[in-house]
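Counting from 1, the numbers follow the sequence of the chain as shown. Remember, it's 1-based here, ligands and their atoms both numbered in the order they're listed.
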Amino acid sequence: MPERISTHEVLNQPTLFENVNLFTSDVVLKEAVAREGGGYAAQELDAFGAFCGSADALELGRLANDFVPQLVTHDVQGRRADVVQFHPAYHACMAASMEAGLHSSVWRHLTDAGAERRAGASVARAAALFMATQMEPGHVCPLTMTNAAVPLLLKLPEFAKSWFPKVLSRSYDSRFLPMDKKSSVTFGMGMTEKQGGTDVRANTTRAVPGGPDASYLITGHKWFLSAPMSDGFFVLAQATGGLSCFFVPRFLRDGSVNAIQLQRLKSKLGNRANASSEAEFHGACGWLVGDEGRGVAAIIDMVTWTRLDCAVSSAGLMRSALANAVHHCEGRRVFGKLLIDQPLMRHVLADIALDVEAATQLVFQLARTFDEDDASAGAWRRLMTPVTKYWVCKIAPRAVYEAMECLGGNGYTEAFPLARIYREAPVNSIWEGSGNVMALDVVRVFEREPEVVPLVVERLARMIQGDPKLSAAHHRVEAILHERSNMEAAARELTEQLALLAAGALLRETSPPQVSDAFVKTRLSGWPRQTYGQGLVAAEIKALLARATPVCNSLNT
Ligand SMILES: Cc1cc2nc3c(=O)[nH]c(=O)nc-3n(C[C@H](O)[C@H](O)[C@H](O)COP(=O)(O)OP(=O)(O)OC[C@H]3O[C@@H](n4cnc5c(N)ncnc54)[C@H](O)[C@@H]3O)c2cc1C
């Protein structure tokens, strides 16, 4: 009898990165939350981090993407249905994130007459978003839009009275029913049409007065309408006075379904758990927000919030990829040594960690300015929202790709989360203002809102005082502004240099010197480089890895 040889002994495969508390295991996140004023929510974030990093929650994320939403246009007897069916895992993600308040926690103070916004509320929410994204990024789209829709809803007092309590509700209600029969509601937004997304002035959807209860009747198409099962939408359409913003509820007051027909769902590179639809409006009732012709001015409030969320989500995706990579390298042996002890792998991981830390500092600093009303915070919010969204969302795919490679072949397979994170990564740069649009917005601030610029520039100058390399970076920004004859063409240069300068300045204030020195040396001066794993010395690598390595077993402590 030949000897039976087992071929299925599994050796040298690290444990899976699961059952890790995404809050307590992340040193940089915890520090940023405390520093920027979100520390009051540490206990809640701890609990939510434990959930988002649990094996069960990560499995929900996988299922919600593997079993993509399905559009049901008609019922069995041929009547219009226009509903989207989701896997239960998607609903479970929504329920958990709504319980954590992702869709509205920053607006809670508005229920108490005259109450002030809670300091740090946007920071605490951003931390929850940062972790929810790591569980599953697609479902945060409707939650982001709901949070961002509140300033617009409040401009319609008649609706706000009945809808706002349901916005604040933390119990997810996915049923396709009129708002008054539901425990909570979510919102979407419809701007993009086939002939123009960035250029919304090209919108052809029309709105004419004459609907019931002083509504307009809206007719046209929307090329991207994400989360079409939302209870209400903020939609741009052309009225007599020009492009205007309308609130379009899914159901009307008499309980009938508003005239929105879903044509099909997009098949997308990533973001698969999130249903993005093409929709037609057939005389749908919509209520004007603000004045006719002021649609962009009205919806821009909403868009500013969603841009913050894009940057936060991208930073969360980067953290997730990095944490998976470091964890894998801690458990995988190659040539007799753990990968985490191989000098070149340490260099690569530390270099990715440097970008993740910089991105994290930038997004939490930005989130803080959404909590503050002073001129300095307002200026930072105005200028640094497009700068931060541009840079963080653009560096995410590259960082995620390199982290994926750290897992070797496993990283490329769908069994591990890296491939899914990689497919997700580009979307935050494309929607809510693509890269060029963000860069052009930065130029617009310099050209048309000169009162904003000095407040940010002076703050940066204070932060970098006495640091020759950061001062040189500051001068580079000045040089772009003074020497380029065509600012539009130089918009990316300006935006990227501003992002790098702000990141360097923030790291100098907030992180150990080895981290900020490493950033300044490799991102703001030194040899040209295009790939990770270059230019850091041993002490910097050690410091970066100490901060990047997930503090594990925290679920059991
Ligand atoms: C998954 C997904 C979900 C989405 N969900 C929604 C949604 O719910 N609601 C909604 O309204 N939209 C949604 N969108 C649409 C998205 O916001 C738009 O695709 C985006 O704003 C770009 O518009 P566009 O596709 O028409 O491209 P265009 O406007 O044609 O832009 C194409 C490219 O040109 C660049 N560009 C534009 N203007 C200039 C310029 N002046 N100079 C140089 N370059 C320029 C842009 O940066 C972009 O890279 C979604 C998109 C995706 C991918």
*Can you list the atoms of ligand 1 that are under 4.0 Å from a heavy atom of Leu440?*
40 (C), 41 (N), 42 (N)
*Can you find an N or O of Thr192 that's nearer than 3.5 Å to an N or O of ligand 1?*
yes
*Spell out, as yes or no, whether a donor-acceptor pair under 3.5 Å connects the side chain of Gln361 to the backbone of Leu506.*
no
*asked:* Counting only nitrogen or oxygen atoms and a 3.5 angstrom limit, does Phe224 reach ligand 1?
replied: yes
_If only side-chain N and O atoms count, and only distance matters, is there a donor-acceptor pair under 3.5 Å linking Ser276 with Ser226?_
yes
*Flag Gly190 as yes when one of its N or O atoms lies below 3.5 Å from any N or O atom of ligand 1, and as no otherwise.*
no
*How about atom 32 (C) of ligand 1: does it have a protein heavy atom within less than 4.0 Å?*
no
*Going by atom types alone, do Arg476 and Gln497 pair a side-chain donor with an acceptor below 3.5 Å?*
yes
_Protein contact of atom 47 (O) of ligand 1 - nearest heavy atom, named by residue and atom, plus distance_ = Ser434 CB, 3.1 Å
*Does Glu488 offer a backbone N or O that forms a donor-acceptor pair with the side chain of Asn486 under 3.5 Å?*
yes
_Check this for me - ligand 1, Gly196, N or O atoms closer than 3.5 angstrom, yes or no?_
no
*Compare Gly197, Gly433, Ala202, Pro142 and give the one whose heavy atom is closest to atom 26 (O) of ligand 1.*
Gly197
*What are the atoms of ligand 1, with element, lying closer than 4.0 Å to any heavy atom of Glu432?*
17 (O)
*Do side-chain atoms of Ser183 reach the backbone of Ser171 as a donor and acceptor pair under 3.5 angstrom?*
yes
*Got a donor-acceptor contact below 3.5 angstrom from the Glu193 side chain to the Gln195 backbone?*
no
*Short side-chain to backbone donor-acceptor contact, Asn258 and Leu252, under 3.5 Å*: no
*So which bit of Ser276 gets within less than 4.0 Å of ligand 1, heavy atoms only: side chain, backbone, both or neither?*
side chain
*Give yes if a backbone or side-chain nitrogen or oxygen of Asn271 is under 3.5 Å from a nitrogen or oxygen of ligand 1, and no if not.*
no
_Once side-chain hydrogen bond (donor to acceptor under 3.5 Å, both in side chains) is applied, do any residues pair with Ser485, and if so which ones, sequence neighbours excluded?_
none
_According to side chain to side chain contact (heavy atoms under 4.5 Å, CB included), who are the partners of Ala259, at least two apart in sequence or on a separate chain?_
His282, Ala284
*Purely on distance, is any nitrogen or oxygen of Ser226 under 3.5 Å from one on ligand 1?*
yes
_Contact bool for atom 44 (N) of ligand 1 (protein heavy atom, d < 4.0 Å)_ = yes
